[in-house]
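Here, residue 1 is the first one in the sequence, and each next residue gets the next number.
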Amino acid sequence: MTNVELDPRIIAIRESLKDIGNTIVIMSSKGGVGKTLISSLMALSLSLKGSSVGLLDLDITNPSCHLVLGINISSIKPIEEKGIIPPIIHGIKFLSIVFYSEDKPLSLRGSEIDYAIKELLAITRWGKTSYLIVDSPPGISDEALDILSYLIDPRIILVTTPSPLSIKSIERMIVFLKDSGEKIIGLIENMANKPTNPINKICRDYNIQYLGNIPFDKYIDNCIGDINCIKTTLFYRSIEGIMNKIT
């Protein structure tokens, strides 16, 4: 048996996740491309359509989903009952390390980050949930790869921008994930007023679905933390269109 199989937390993780219908991991090769905003609004879109949805922020050193959704972590806490039960906010079962770090910087390194991820996954009781959206750390880091190994049948949505630096970076990530046998649902191109040829070419070359482009929305930052405002934005409407393709 491998060390992973011997770890009792892995057994607990699999028990915790067994009633989740679809696990979707949002990944990016670089930070700053909109991964957290997309993760949060995907969960919001699913919730508003009546789906049972969870949102798990596993970007341990830089959790931000609560900021997007305007979640007051000082007044809302998970329920502790044979583990922890995520609070339901905007119809979303939400869990993040910020409930315990109080949004203070976490000086975690290497194995400490992995330990925190395992603990969150092992002690959380999601119950019957149709979709679990996971906001993962950017890049092909140990943490991101460990997350994929701990989850049950994860499917990946990649996020990139049309920047030349992002294009090369996401291509490397695609090669790595495909070589590792991971399941990629498709790719979202953010901050692109129209689909761009380089990103479309990458999708064709690697047989990945191009899920859509999200135009640059100069108003979205003004709506962070206010879901009623967010729902009026071009960004959110673009997310709704993308979600119609995959649900």
Side-chain angles (χ1 to χ4, degrees), residues 17 19-28 33-59 64-71 86 88-96 126 128-136 147-148 151-162 170 174 177 182-196 199-200 203 207-217 219-221 223-247:
L17 299 175
D19 292 324
I20 292 174
N22 300 275
T23 299
I24 301 175
V25 184
I26 314 302
M27 302 185 74
S28 66
V33 299
K35 173 180 58 63
T36 292
L37 191 55
I38 288 170
S39 300
S40 303
L41 298 194
M42 279 186 168
L44 181 62
S45 175
L46 286 166
S47 171
L48 292 175
K49 289 177 180 177
S51 294
S52 173
V53 58
L55 175 61
L56 176 59
D57 191 343
L58 282 182
D59 193 349
S64 304
C65 290
H66 64 294
L67 300 176
V68 175
L69 298 174
I71 297 171
I88 299 177
I89 307 161
H90 309 312
I92 302 165
K93 300 176 185 179
F94 177 70
L95 191 66
S96 169
W126 293 102
K128 203 153 192 172
T129 305
S130 297
Y131 296 92
L132 177 64
I133 306 296
V134 180
D135 185 22
S136 66
I147 288 167
L148 292 176
L151 298 173
I152 298 174
D153 193 26
R155 297 185 297 148
I156 299 165
I157 290 178
L158 299 170
V159 179
T160 188
T161 70
I170 199 67
I174 290 169
L177 291 172
E182 302 294 347
K183 298 176 183 177
I184 301 175
I185 297 175
L187 182 147
I188 296 172
E189 185 177 14
N190 192 20
M191 303 181 211
N193 291 328
K194 62 181 181 179
T196 62
I199 298 298
N200 268 285
C203 289
N207 195 27
I208 292 173
Q209 184 181 5
Y210 182 90
L211 294 174
N213 66 295
I214 301 175
F216 178 77
D217 187 343
Y219 299 109
I220 187 65
D221 283 348
C223 292
I224 295 299
D226 182 346
I227 65 164
N228 289 321
C229 181
I230 282 174
K231 288 187 291 184
T232 68
T233 62
L234 176 59
F235 197 107
Y236 182 73
R237 292 196 297 274
S238 300
I239 290 292
E240 285 189 305
I242 289 168
M243 294 308 291
N244 288 336
K245 294 181 180 179
I246 62 175
T247 59

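- Pairing each heavy atom of Leu17 with each of Trp126, the nearest pair is CD2-CD1, 4.0 Å.
- The distance from the CD1 atom of Ile246 to the CD1 atom of Ile188 is 7.0 Å, given to the nearest 0.5 Å.
- Inter-residue side-chain proximity for His66 and Ile89 is flagged as unmet; no heavy-atom pair is nearer than 4.5 Å.
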Kindly indicate, with the supporting measurements, whether the criterion side chain to side chain contact (heavy atoms under 4.5 Å, CB included) is fulfilled by Ser51 and Thr247. CA-CA 10 Å; Ser51 294; Thr247 59; over 6 Å; no
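- Residue Asn207 qualifies as open at atom CG: its count of foreign heavy atoms under 6.0 Å is 12 or below.
- A donor-acceptor contact shorter than 3.5 Å is absent between the side chain of Lys231 and the backbone of Tyr236.
- Put simply, the side chain of Arg237 gets close to the backbone of Thr232: a donor and an acceptor are under 3.5 Å apart.
- Screening Leu46, Thr23, Val25 for a side chain to side chain contact (heavy atoms under 4.5 Å, CB included) involving Ile133 leaves a single residue, Leu46.
- Distance alone, capped at 3.5 Å, is enough to place a donor-acceptor pair between the Asn22 side chain and the Ser130 backbone.
- Residue Leu211 holds its CG atom at 11.5 Å from CD of Glu189, rounded to the nearest 0.5 Å.
- Residues Ile92 and Gly54 approach most closely at CG2-C, 4.3 Å, considering heavy atoms.
- Distance check, rounded to the nearest 0.5 Å: CD1 of Ile174 to CG of Leu158 gives 5.5 Å.
- Nearest heavy atoms, Thr161 versus Ile199: O-CD1, 4.1 Å.
- Here the side chain of Glu182 pairs no donor or acceptor atom with the backbone of Ile156 at under 3.5 angstrom.
- Of all heavy-atom pairs spanning Asp217 and Leu234, the tightest one is OD2-N, 3.2 Å.
- Note that CD1 of Ile20 and CG of Leu132 are 4.5 Å apart. Values are rounded to the nearest 0.5 Å.
- For the atom pair CD1 of Ile157 and CD1 of Ile38, the computed distance is 9.0 Å after rounding to the nearest 0.5 Å.
- Remark: the backbone N or O of Asp57 is not paired with any side-chain donor or acceptor of Ser39 at under 3.5 angstrom.
- Of the possible donor and acceptor atoms, none in the side chain of Ser40 sits under 3.5 Å from a partner among the backbone N and O of Leu37.
- No option in Val53, Leu56, Ile71 other than Ile71 meets the side chain to side chain contact (heavy atoms under 4.5 Å, CB included) test with Phe94.
- Residues Gly225 and Ile230 come closest through the heavy atom pair N-CD1, 4.4 Å.
- Judged by distance alone, with hydrogens and angles left aside, the side-chain atoms of Lys93 form no donor-acceptor pair with the main-chain N or O of Pro86 at under 3.5 Å.
- Remark: side-chain polar atoms of Ser136 are paired, donor with acceptor, to backbone N or O of Ile26 under 3.5 angstrom.
- Of the listed residues (Met243, Glu240, His90), just one forms a side chain to side chain contact (heavy atoms under 4.5 Å, CB included) with Leu44, and that residue is His90.
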The test is side chain to side chain contact (heavy atoms under 4.5 Å, CB included); show your working for Thr160 and Leu187 and say whether it passes. CA-CA 8 Å; Thr160 188; Leu187 182 147; 3.8 Å; yes
Side chain to side chain contact (heavy atoms under 4.5 Å, CB included) evaluation trace for Asp135 with Thr36: CA-CA 6 Å; Asp135 185 22; Thr36 292; 2.7 Å; yes
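- Closest heavy-atom contact between Pro154 and Leu148: CG-O, 3.6 Å.
- Remark: side-chain polar atoms of Ser47 are not paired, donor with acceptor, to backbone N or O of Ala43 under 3.5 angstrom.
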